[in-house]
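Report on one structure; see the data block that follows.
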Amino acid sequence: MNATTIGTTLRTLAAALAAGALACGGAAAQDYPTKPVRIVVGFAAGGPTDVIARIIAQDMSVALGQSFIVENRPGANAIIATDMVARAAPDGYTLLFSSLSLLVNAIVAPDKVKYDPFKDFAPISNAAVLPMVVVTSPETKIGSMQELLARAKAKPGELTYGTPGQAGSAHLAGAMLENVSGTQMTNVPFKGNAPALAEVMAGRVTFMFYPIIGIANHVQGGKLKVLAVGTSARHPDFPDVPTMGQSGFPGFEETAPWVGMLAPAGTPAPSVDRLSAEMRKSLAKPETKDRMKALGAITIADTPAEYLAFLKKDYDRWTRVIKAAGIKSE
């Protein structure tokens with residue numbers, strides 16, 4: 001056998017081995033998952049992130065023939081859960097169902113956060129966003145965003161806005177409003193949305209950004225007035241209320257808290273793609289959309305590439321807002 005023949009044989013063998021490896025890889029991706037999958041949520045059971053994760057987990061269990069089990073690991077504004085998944089085996093069997101905290105924690109608390117939101121995760125799909133509304137008590141006699149900000153400009157620092165904690169979505173939206181309107185207002189943080197809303201309804205806190213779900217009952221009861229909705233178009237629950245854009249502040253629909261799924265970096269791309277495809281199928285189902293609507297959520301259903309682009313844009317936006325407002329972690 002001469003050198004030419006040997007070279008040809010080696011190239012043929014290499015090609016066969018490569019083809020075999022691709023076939024095995026394809027078969028492995030097609031077989032995935034072969035055992036139960038954990039979806040880790042960094043918040044307590046019953047909240048929007050947890051509920052949406054369970055809706056999707058139920059659908060994916062049926063579609064993929066394996067149990068998708070939601071595991072709650074609350075604590076440190078989801079840092080504990082996020083850190084755990086970042087260091088999990090990148091095999092597709094430990095996933096993270098996350099929220100805005102994935103990015104914000106890394107911005108406001110770099111000394112506490114050990115993960116990198118981009119280097120340590122493979123985005124699967126953005127599931128949904130939860131739009132917020134601006135609410136105040138009728139006792140304030142404020143009838144519009146223009147009136148609210150006129151008061152803020154007349155009395156710098158005196159108007160207050162309630163938030164369910166430092167550096168959460170409501171705090172960031174309030175800081176962004178200060179930034180774009182050139183006003184100075186005071187954040188009053190509480191331990192949760194409910195106590196913050198109670199103080200707004202009592203008129204002791206001027207206003208707050210609040211998730212849209214459940215607000216209609218308070219409005220009908222005369223306890224709250226909605227000044228604007230943080231959606232791109234008027235919301236059917238409040239057809240007479242302008243959007244933030246119509247009130248002169250475009251872009252606030254992008255402040256809506258989001259929830260989505262990620263895998264540890266290095267998870268095989270075919271597994272990520274399959275998870276994303278099944279997740280998007282779940283979110284496209286009419287019954288899923290109805291359940292999301294009941295939660296006040298709007299479905300998104302991104303591809304991995306679309307989700308990554310969204311995360312980068314969101315990170316840049318909140319970095320600017322947080323830097324301008326001087327927001328620090330608690």
Side-chain angles (χ1 to χ4, degrees), residues 47-48 100 128-155 157-181 183-258 293-298 321 325:
L100 179 64
V129 294
L130 296 119
M132 295 188 288
V133 292
V134 182
V135 294
T136 188
S137 167
E139 292 183 11
T140 65
K141 308 299 182 184
I142 297 173
S144 67
M145 290 301 298
Q146 289 80 4
E147 289 181 24
L148 174 73
L149 294 169
R151 288 198 192 183
K153 289 178 179 178
K155 298 180 178 180
E158 286 195 19
L159 260 68
T160 54
Y161 59 96
T163 64
Q166 186 79 354
S169 55
H171 183 192
L172 295 178
M176 184 172 169
L177 180 61
E178 289 183 83
N179 192 13
V180 299
S181 64
T183 56
Q184 181 185 347
M185 296 178 278
T186 300
N187 167 37
V188 183
F190 295 86
K191 292 183 178 180
N193 267 317
L197 188 65
E199 290 300 293
V200 171
M201 287 192 290
R204 290 185 287 267
V205 173
T206 311
F207 75 101
M208 75 177 293
F209 284 84
Y210 192 87
I212 205 165
I213 186 68
I215 286 294
N217 292 334
H218 294 305
V219 173
Q220 290 166 4
K223 295 180 180 179
L224 284 176
K225 179 177 179 60
V226 179
L227 301 180
V229 295
T231 48
S232 56
R234 294 200 179 201
H235 196 277
D237 287 353
F238 308 105
D240 297 327
V241 177
T243 66
M244 286 293 288
Q246 290 170 336
S247 300
F249 302 99
F252 268 77
E253 64 275 5
E254 296 179 350
T255 68
W258 54 265
K293 185 179 178 182
L295 292 169
I298 298 173
V321 171

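Quick caveat: nothing in here was measured; it's all calculated off a predicted structure. Start at 1 with the first residue, then count along the sequence.
Taking both residues in full, the closest heavy atoms of Lys191 and Pro195 are given as O-CG, 3.7 Å, listed atom of the first, atom of the second, then distance. Across all their heavy atoms, Glu178 and Met185 have their closest contact at OE1-N, 2.7 Å. Between Thr186 and Gly157, the shortest heavy-atom distance links the atoms OG1-O, 2.8 Å. Nearest heavy atoms, Lys141 versus Glu147: O-OE1, 3.5 Å. Of all heavy-atom pairs between Lys223 and Pro138, the closest is O-CD, 3.4 Å. Between Pro164 and Gly192, the shortest heavy-atom contact is CB-C, 3.3 Å.
Side-chain contact check for Ile142 versus Thr206: some heavy-atom pair is nearer than 4.5 Å. Side-chain contact between Met132 and Pro257: present, with at least one pair of heavy atoms (C-beta onward) separated by less than 4.5 Å. Under the 4.5 Å side-chain criterion, counting only non-hydrogen atoms from C-beta, Asn193 is in contact with Met208. Within the 4.5 Å cutoff, the side chain of Thr231 has heavy atoms near those of the Pro131 side chain. Residues Val226 and Ile212 have side chains not in contact (no heavy-atom distance under 4.5 Å, counting atoms from C-beta outward). The shortest side-chain heavy-atom distance between Thr160 and Arg204 does not fall under the 4.5 Å cut-off.
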| query | Given the rule in the side chain to side chain contact (heavy atoms under 4.5 Å, CB included) test, do Leu148 and Thr136 qualify, once you have shown the distances and angles that lead to the verdict? | reply | CA-CA 10 Å; Leu148 174 73; Thr136 188; 6.0 Å; no
| field | Val229 and Asp237: CA distance, side-chain angles, deciding distance, side chain to side chain contact (heavy atoms under 4.5 Å, CB included) verdict | value | CA-CA 10 Å; Val229 295; Asp237 287 353; over 6 Å; no
| request: Using the side chain to side chain contact (heavy atoms under 4.5 Å, CB included) rule, take Tyr210 and Val200 through it: C-alpha gap first, then chi angles, then the decisive distance, then the call. | output: CA-CA 11 Å; Tyr210 192 87; Val200 171; over 6 Å; no
| Taking it one step at a time, do Leu100 and Leu172 satisfy side chain to side chain contact (heavy atoms under 4.5 Å, CB included)? | CA-CA 10 Å; Leu100 179 64; Leu172 295 178; 3.9 Å; yes
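If you take NE2 on His171 and CG on Asn187, they are separated by 4.0 Å, rounding to the nearest 0.5 Å. Taking OG from Ser137 and CD from Glu199, the interatomic distance works out to 11.5 Å, rounded to the nearest 0.5 Å.
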Name each donor-acceptor pair under 3.5 Å that joins a side chain in residues 239-251 to protein atoms two or more places apart or in another chain, with its distance.
residue : atom : partner : partner atom : Å
Thr243  : OG1  : Gly245  : N            : 3.3
Thr243  : OG1  : Gln246  : N            : 2.9
Gln246  : OE1  : Arg234  : NE           : 3.0
Gln246  : OE1  : Thr243  : N            : 3.0
Ser247  : OG   : Thr243  : O            : 2.9

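With respect to Leu177, the side chain to side chain contact (heavy atoms under 4.5 Å, CB included) criterion is satisfied by exactly one of Val134, Leu149, Val321, Thr183: Leu149. Tested against Leu224, the residues Val219, Asn217, Val133 include a single side chain to side chain contact (heavy atoms under 4.5 Å, CB included) partner, Val219.
In this pair, Phe207 and Tyr161 present their aromatic rings tilted. The plane angle is within the 30 to 60° band.
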